[in-house]
Amino acid sequence: MTTTAADSAPEPVDENVWLEEIYGEEQLAWVKEQNSRTEDLLDDADYAGLEGSILEVLDSTDRIAMVGKRGDWYYNFWKDRHNPKGLWRRTTWESYCTDSPEWDVLLDVDELAAAEGQEWVFHGATFLRPGAGAPYRLALLALSPDGGDANRYREFDVESRSFVDPAQGGFDLPTAKGNVSWLDADTLLVASTADGLPKTASSYARTAVTLKRGAELAGAPLLFEVPEQHMMAVVAHDSTPGFERTFAVDYIDFFNRRNLVLRDGGWVQIDVPTDVNVSAHREWLLFRPQQDWVIDGTTYPAGSLLACGFEDYLAGARELAVLFTPDARTSLQSWSWTRNFLLLNLLKDVSSEIRVLDPSRPVDGPGGAWAATLLDACPPLHDVNAYAVDDEDAEASDGGAGDDFWLVATGFTTPTTLMRGTLERTSDGTPGVVSRHAVVKASPSFFADADYEVQQHFAVSEDGTRVPYFQVAPRDLALDGQNPTQLSGYGGFEVSRTPAYSGTVGRAWLERRTSLSAGADGDAPHSRGGVYVVANIRGGGEYGPAWHRAALQENRHKAYQDFAAVARDLMSRGVTSRERLGCVGGSNGGLLVGNMLTQYPELFGAVSCGVPLLDMRRYTRLSAGHSWIAEYGDPDVAEQWEYIRTFSPYHLLKDGVEYPETFIWTATSDDRVGPVQARKMAARMLAMGIPNVWFHEALEGGHAGASDNRQAAALQARSQHFLWKALAGGLA
């Protein structure tokens, strides 16, 4: 949208714009001064022990080494104490099933970083599909120089365990934001901002090119282009034998896109509304509308899953098979194809349910819904996900085949378990799971999880909406309002918060003990651990697109009302009190807790606010902020700024308010949200004389705030230790 002077929003006074120069000498001096102040507060003996305990969890060699299958090999990326930057490695199925697999190390990232003098962070590998019967050999490795979103793509030969020399024609793309896909052994499809290629206003790639081996990126012929105000361009080649196709996606914003397929040298748009998500698999097209979709008088609800033959749809057919229809309690989260079946991962009141669909057995004849069977693998209040091992595997050397699938199960007090199973058609014509559905690996327990109980409760928000939340607490929880309680949430971008085991939370929060002062009943002080709570507020995806859209833009306040309702419910139930209740969130969750700080300070004793959005007037001009207009609105448009300003924490600070203890943390190298919003919020609060405001900025680590286990342990320890001191011990 283009704004004119007449309808553009006014610029509020901003005394901290100077902090927006990320790497300026004066700005980094301010950061180091604040870091020193915060470290003096938090880096005590208890912190050192806590950081060590968390690092022990992150570095544990008993963790499950999750793998991805390519050909006959199982690939894994692994970090531990001896390999902080990580090992990219592989093993065979037979070895993987043992307690001590023999790993073939392909790349030691620590050695690479030392040899090249660059702090590389491994961001994954994309293999070239080999010819029939040949092994997977060439891959493009994504390496970030600082943990940010910008990657350098380098061609790697897994047989020689070395990079392909650019002087010999090896691909080596400069560090930039974008994506890369193999077209063939000598050709890449590249969307990039490197070498002067244009960026969108969101800082992502605006164009895609076809890059031949040995050619220069800057001179590569244009393949695809999107308008500057759109979010980004993406290109990808599907090399599935018999279904080879090249796709492009024009991401207009986070929730709207145009999908195109290359036909006869030109792009053909797949004719769907821009808010319908499209995916192709072999002969099928699947559709998931974000809003109700009406075709020929038939309404397909938002969040449903629909199917049509790929070629049929492009030829004009509009008879869609309905594979899933949401209800008030159930939503579709993801799906995965095995060779002959489709796995649907669902949430029912934020607990997992898995359905297996058979496209060869339509229930109501051709074009009808596919026969479906529930997979008996989902205990209540757990997160269980199913996905294919290798959908093209006709008969693998490991004894599996294309209908093998992984099951990953976890819960707040249930360490993660990895299982493998096989789908077959049973004698009555429905899909079923045969006996090879078995445990492959199980994570160890990192805390006394049997001592804790998981409950689900529902709070009632201001407009009457029931908002679920999970509570993890000791089985003998005293409902006296004195329990240190950590409330976590996100509430944006249709991201769901589901039950998940965390040794870090178990050790750093649930098992920590402190002597609290006597409660209102006059009981003597007693030792207790913490309570951990996850709120499933609107803006997230727990109940599908409608749950997300309920808190978009001018309705953003509903997410914050939901979170506040959970806080009040915890207090009304006697779990905690204002002095014992803290909240924590990162990124969009940082915006969430920033609004708790400024709009609901009476509910919280402490706020931990990480890698946050906070200045919603200038967020579109900072890092990748322009890409989030669809979520929050455009602050440059006066009409939209009127509602955005109501949830811009930087502009909601007021004199004379008793604010909670506040810890704001970020990372210099975060190129998604960026560190400057956190800097400015802390600077304004300090200048206002608000007591107990603490700031810390990691000098590396990207949007995650950490690029290795040591950094992750330090980041998590600071946040957890701050909350514990504020809620259970008192900050000095």
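Predicted model, so just to flag it, every value in this text is computed and none were measured.
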Chemist: As a quick check of understanding, evaluate side chain to side chain contact (heavy atoms under 4.5 Å, CB included) for R339 and R282, giving each step before the final call.
Modeler: CA-CA 10 Å; R339 189 168 187 84; R282 301 175 73 87; 4.1 Å; yes
Chemist: Does any N or O in the side chain of E155 come within less than 3.5 Å of the main-chain N or O of F171, such that one atom is a donor and the other an acceptor?
Modeler: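 Indeed, once roles are kept as given, a pair shorter than 3.5 Å links the two residues.
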Chemist: More than 12 non-hydrogen atoms from neighbouring residues, nucleotides or ligands closer than 6.0 Å to CD on E159, yes or no?
Modeler: yes
Chemist: Say whether R497 and N536, considering side chains only, have a donor N or O and an acceptor N or O under 3.5 Å apart.
Modeler: no
Chemist: When you compare the side chains of Y501 and D449, does any donor N or O come within less than 3.5 Å of an acceptor on the partner?
Modeler: yes
Chemist: Please report the closest heavy-atom contact between S352 and V384, naming both atoms and the distance.
Modeler: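 For S352 versus V384, the nearest heavy atoms are OG-N, 2.8 Å.
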Chemist: Does a donor on one side chain sit under 3.5 Å from an acceptor on the other, for E353 and S351?
Modeler: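 There is no such pair (donor and acceptor under 3.5 Å, judged by atom type) between the side chains of E353 and S351.
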Chemist: Any idea which heavy atoms bring D708 and P84 closest together, and the distance?
Modeler: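 So the minimum-distance heavy-atom pair works out to CB-O, 3.1 Å.
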Chemist: Partners of Y136 by ring pair (Phe, Tyr, Trp, His ring centres under 6.0 Å), sequence neighbours excluded?
Modeler: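 Per chain and number, Y136 pairs via ring pair (Phe, Tyr, Trp, His ring centres under 6.0 Å) with F127.
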Chemist: Less than 6.0 angstrom from the centroid, inside 45 degrees of the normal: does K79 satisfy that with respect to the ring of F122?
Modeler: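 K79 over F122 ring: no.
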Chemist: Would you call Y153 and L141 a side-chain contact if the rule is heavy atoms closer than 4.5 Å?
Modeler: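 Of all side-chain heavy-atom pairs linking L141 with Y153, none is under 4.5 Å.
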Chemist: Compare every heavy atom of A167 with every heavy atom of D165, then report the nearest pair and how far apart it is.
Modeler: OD1-N, 2.9 Å
Chemist: Are side-chain heavy atoms of V234 and Y204 found at a separation under 4.5 Å?
Modeler: no
Chemist: For V164, is there any backbone N or O sitting under 3.5 Å from a side-chain donor or acceptor partner on D157?
Modeler: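 Checking the backbone N and O of V164 against the side chain of D157, no donor-acceptor pair under 3.5 Å is found.
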Chemist: Any chance the rings of F156 and W88 have centres within less than 6.0 Å?
Modeler: yes
Chemist: Does V356 form a side chain to side chain contact (heavy atoms under 4.5 Å, CB included) with L343? I'd like the steps, not just the answer.
Modeler: CA-CA 5 Å; V356 184; L343 293 156; 3.8 Å; yes
Chemist: Counting distance only, does the side-chain N/O of S502 pair as donor-acceptor with the main-chain N or O of V505 below 3.5 Å?
Modeler: yes
Chemist: Just so I know, are the side chains of S623 and V673 near enough to count as touching, which here means a heavy-atom distance under 4.5 Å?
Modeler: no
Chemist: How long is the straight-line distance from CG of D104 back to CH2 of W73, given to the nearest 0.5 Å?
Modeler: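 If we round to the nearest 0.5 Å, W73:CH2 and D104:CG are 5.0 Å apart.
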Chemist: Walk me through it: do R63 and D80 pass the test salt bridge (charged side-chain N to carboxylate O under 4.0 Å, His left out)?
Modeler: CA-CA 10 Å; R63 291 172 291 130; D80 60 24; 5.6 Å; no
Chemist: Is there a salt bridge (charged side-chain N to carboxylate O under 4.0 Å, His left out) between R718 and E697? Walk through the geometry before answering.
Modeler: CA-CA 11 Å; R718 282 203 178 90; E697 181 173 321; over 6 Å; no
Chemist: Within 45° of the ring axis of W335 and under 6.0 Å from its six-membered ring centre, is that where the NZ or CZ of R288 lies?
Modeler: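 Negative - R288 is either too far from the ring of W335 or too far off its axis.
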Chemist: Please determine, by modelled atom types, if H696 and E39 share a side-chain donor-acceptor pair under 3.5 angstrom.
Modeler: yes
Chemist: Which of these passes side-chain contact (heavy atoms from CB on, under 4.5 Å) with P675: V611, T666, L622?
Modeler: T666
Chemist: Using every non-hydrogen atom in the two residues, find where I354 and A386 come nearest and quote the distance to one decimal.
Modeler: CD1-CB, 3.9 Å
Chemist: How long is the gap from NZ on K177 to OG1 on T200, to the nearest 0.5 Å?
Modeler: 8.5 Å
Chemist: Look only at the side chain of N385 and the backbone of V408, and say whether a donor-acceptor pair between them is shorter than 3.5 Å.
Modeler: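 Side chain of N385 to backbone of V408: no pair is present.
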Chemist: So, do D391 and H281 sit near enough that their side-chain heavy atoms are less than 4.5 Å apart?
Modeler: yes
Chemist: Please report the shortest heavy-atom distance between Y47 and L42, naming the atom on each side.
Modeler: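 Heavy-atom minimum between the residues: CB-O, 2.9 Å.
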Chemist: Working to the nearest 0.5 angstrom, can you tell me the gap between I54 CD1 and Q716 CD?
Modeler: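 Rounded to the nearest 0.5 Å, the CD1-CD separation comes to 5.5 Å.
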Chemist: Counting distance only, does the side-chain N/O of S60 pair as donor-acceptor with the main-chain N or O of V57 below 3.5 Å?
Modeler: no
Chemist: Write down the atom of G147, the atom of S144, and the distance for their closest heavy-atom approach.
Modeler: N-OG, 2.8 Å
Chemist: Sub-3.5 Å donor-acceptor pair from the side chain of S669 to the main-chain atoms of D146, do we have one?
Modeler: yes
Chemist: Could you state the interatomic distance from CG (D390) to CZ (F405), rounded to the nearest 0.5 Å?
Modeler: 15.0 Å
Chemist: If you count the non-hydrogen atoms of other residues, nucleotides and ligands that lie under 6.0 Å from CZ in R245, is the total more than 12?
Modeler: yes
Chemist: Apply the test salt bridge (charged side-chain N to carboxylate O under 4.0 Å, His left out) to residues E119 and K85: give CA-CA distance (whole Å), side-chain angles for both, the deciding distance (0.1 Å), then the verdict.
Modeler: CA-CA 9 Å; E119 298 298 317; K85 293 188 179 300; 2.8 Å; yes
Chemist: Look at the side chain of D186 and the backbone N and O of R213, then say whether any donor-acceptor pair between them is shorter than 3.5 Å.
Modeler: no
Chemist: As an exercise, state the distance from OG of S202 to CH2 of W628, rounded to the nearest 0.5 Å.
Modeler: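 So the gap between those two atoms works out to 9.0 Å.
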Chemist: Looking at CG of D184 and CD of E244, how far apart are the two atoms once the value is rounded to the nearest 0.5 Å?
Modeler: 11.5 Å
Chemist: Go through the steps to decide whether F247 and N259 satisfy the test side chain to side chain contact (heavy atoms under 4.5 Å, CB included), and finish with yes or no.
Modeler: CA-CA 7 Å; F247 294 95; N259 301 275; over 6 Å; no
Chemist: Should the pair D172-R152 be classified as a salt bridge under the 4.0 Å nitrogen-to-oxygen rule?
Modeler: yes
Chemist: Would you find a donor on one side and an acceptor on the other, under 3.5 Å apart, between the side chain of R129 and the backbone of S239?
Modeler: yes
Chemist: Does either side chain, that of S496 or that of T498, offer a donor lying less than 3.5 Å from an acceptor on the other one?
Modeler: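 Per modelled atom types, S496 and T498 side chains form no pair under 3.5 Å.
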Chemist: Could you check whether E111 pairs with R161 (Lys NZ or Arg NE/NH1/NH2 to Asp/Glu carboxylate O, under 4.0 Å)?
Modeler: no
Chemist: Has E116 got more than 12 heavy atoms of other residues, nucleotides or ligands less than 6.0 Å from its CD?
Modeler: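 For E116, atom CD is crowded (more than 12 foreign heavy atoms under 6.0 Å).
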Chemist: Does the side chain to side chain contact (heavy atoms under 4.5 Å, CB included) test come out yes or no for L592 and Y490, once each step is laid out?
Modeler: CA-CA 7 Å; L592 165 68; Y490 190 76; 5.8 Å; no
Chemist: Compare all side-chain heavy atoms of R154 with those of W120 and state whether any distance is below 4.5 angstrom.
Modeler: yes
Chemist: Indicate whether the side chain of T410 and that of D383 have a donor and an acceptor atom separated by less than 3.5 Å.
Modeler: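 Note: T410 and D383 side chains miss the donor-acceptor criterion.
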Chemist: Is S608 reaching over with its side chain to a backbone N or O of I664, donor-acceptor style, under 3.5 angstrom?
Modeler: no
Chemist: If we only count heavy atoms from C-beta on, is the F254 to M231 side-chain gap below 4.5 Å?
Modeler: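 Yes. Closest side-chain heavy atoms under 4.5 Å.
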Chemist: Under a 4.5 Å cut-off applied to non-hydrogen side-chain atoms, are S203 and T193 in contact?
Modeler: no
Chemist: So do L332 and L344 actually touch side chain to side chain, heavy atoms under 4.5 Å?
Modeler: yes
Chemist: Under the 3.5 angstrom rule, does the side chain of K441 hit a backbone N or O of Y96 as a donor-acceptor pair?
Modeler: yes
